[in-house]
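For reference, the structure discussed in these notes is given below.
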Amino acid sequence: MLLCALVGLLLLFSCLDVWYFLRGVVVVVQAWFQPPVWDVLAEQSVAGRVLPHDLDYMGHMNNARYLRECDFARFHHYMRNGIFKALRTLKATMVVGASTIRYRRSLAFGEAFDLRTRIVAWDDKSFYVEQRFVSQGDGFISAVMLCRQNVLRSNPESILQLLCKRKVECPDYPEDLQHWISFISASSQALRAQSGLEDKTGAQEDKDK
């Protein structure tokens, strides 16, 4: 019986990233028991530390771990500000449509950091989210990520209307965000041209991401 259980666990860990799903559950449960954040646009922060399983061959946090930590920080963010709840009410969901991360200084083994998440702006189908890795030692921004969260089967305006019970005006787009959105648009057009797809087909493809 014990042997079967061990074999089952081995197969499970071989086929799935079990720790990712367990961590996700822990993050959601922790956020559930924390006070709600009524300001949807408010910045939220979660603390982290570079552990042995985060390291690469250079002895600092590996590139992929930054994106993984951003995932969990967004889970926490959307739980506390009510966006996940609004998505369930509207029978909608969100997926990552694009992301770009800039590494400014590596995070060393054992280094503590704050991961700060905020919604910067939105359009008719996506939220634009900024996430910053800030060293607790000296306040240096070690990395910054921009993420486009595409809303499926609804839109950002409906979500915000449900949460705030009023129309929420979108903040002005920062200059760096405008450039990033232009880059995404140019990339989509170039890829559609290379694929020989019509504009209509390509637009539908991007919409479904």
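These numbers come from the heavy atoms of this one structure, side chains and all, not from hydrogens, waters or symmetry mates.
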Counting C-beta onward and ignoring hydrogens, is there a side-chain heavy-atom pair between [X] and [Y] closer than 4.5 Å?
| X | Y | result |
| --- | --- | --- |
| V28 | R23 | no |
| F133 | C70 | yes |
| F183 | H179 | no |
| K167 | Q161 | yes |
| M145 | Y66 | no |
| D124 | N155 | no |

Okay, side chain of [X], backbone of [Y]: is any donor-acceptor separation there less than 3.5 Å?
| X | Y | result |
| --- | --- | --- |
| S106 | A108 | no |
| Q194 | L191 | no |
| S14 | L10 | yes |
| R132 | R116 | no |
| S158 | S154 | no |
| E130 | R118 | no |
| K165 | L162 | yes |
| R148 | S126 | no |

What pair of heavy atoms forms the shortest contact from [X] to [Y], and how long is it?
| X | Y | answer |
| --- | --- | --- |
| V120 | P171 | O-CG, 3.6 Å |
| V50 | M61 | CG2-SD, 4.0 Å |
| T93 | L87 | N-CD2, 4.1 Å |
| L107 | S142 | CD2-OG, 3.5 Å |
| Q136 | F113 | NE2-O, 3.4 Å |

| request: Please indicate whether D172 has more than 12 foreign heavy atoms, meaning atoms of other residues, nucleotides or ligands, lying under 6.0 Å from its CG. | output: no
| request: Sorted by first residue and then second, give each salt bridge (charged side-chain N to carboxylate O under 4.0 Å, His left out) pair with at least one member in residues 52-67; sequence neighbours left out. | output: D54-R65
| said: Less than 3.5 Å apart, any donor N or O on the side chain of Y128 or D123 sitting next to an acceptor on the other? | reply: yes
| Between T117 and Q131, a side-chain donor and acceptor under 3.5 Å | yes
Group every Ile, Leu, Val, Met, Phe, Trp and Tyr by side-chain heavy-atom contacts under 4.5 Å, then state whether [X] and [Y] land in the same group.
| X | Y | answer |
| --- | --- | --- |
| M1 | L6 | no |
| I83 | W32 | yes |
| M79 | L163 | yes |
| F75 | V37 | no |
| W19 | L67 | no |

| said: side chain to side chain donor-acceptor pair (under 3.5 Å), that's the test. Do N62 and Y57 meet it? Break it down for me. | reply: CA-CA 8 Å; N62 76 66; Y57 294 110; over 6 Å; no
| message | Can you classify the ring geometry of F127 versus W122 as parallel (below 30°), tilted (30 to 60°) or perpendicular (above 60°)? | response | perpendicular
| request: Check the angle between the aromatic planes of Y78 and F84 and answer parallel, tilted or perpendicular using the 30° and 60° thresholds. | output: perpendicular
Sequence neighbours excluded and cut-off under 3.5 Å, please list the side-chain donor-acceptor pairs for residues 96-103, or say none.
from : atom 1 : to   : atom 2 : distance (Å)
T100 : OG1    : W180 : NE1    : 2.6
Y103 : OH     : N63  : O      : 3.2

| query | Can I119 and V40 be said to form a side-chain contact (heavy atoms from CB on, under 4.5 Å), step by step? | reply | CA-CA 8 Å; I119 295 174; V40 180; 4.2 Å; yes
| request: Decide, yes or no, whether a salt bridge links E69 with R74 under the criterion of side-chain N to carboxylate O below 4.0 Å. | output: no
| query | Salt-bridged, D39 to R80, with N to O below 4.0 Å? | reply | no
| Step-by-step side chain to side chain donor-acceptor pair (under 3.5 Å) determination, E111 to S135 | CA-CA 8 Å; E111 185 172 355; S135 173; 2.9 Å; yes
| Verdict with supporting geometry, V46 and D114, side-chain contact (heavy atoms from CB on, under 4.5 Å) | CA-CA 6 Å; V46 293; D114 293 318; over 6 Å; no
| request: Take C147 and Q149, measure what side-chain contact (heavy atoms from CB on, under 4.5 Å) needs, and give me the verdict at the end. | output: CA-CA 6 Å; C147 175; Q149 291 266 211; 4.0 Å; yes
| field | Atom pair CG (N81) and CD (E43), whose distance is rounded to the nearest 0.5 Å | value | 13.0 Å
| Working for side-chain contact (heavy atoms from CB on, under 4.5 Å), residues I159 and V151 | CA-CA 9 Å; I159 292 171; V151 180; 3.9 Å; yes
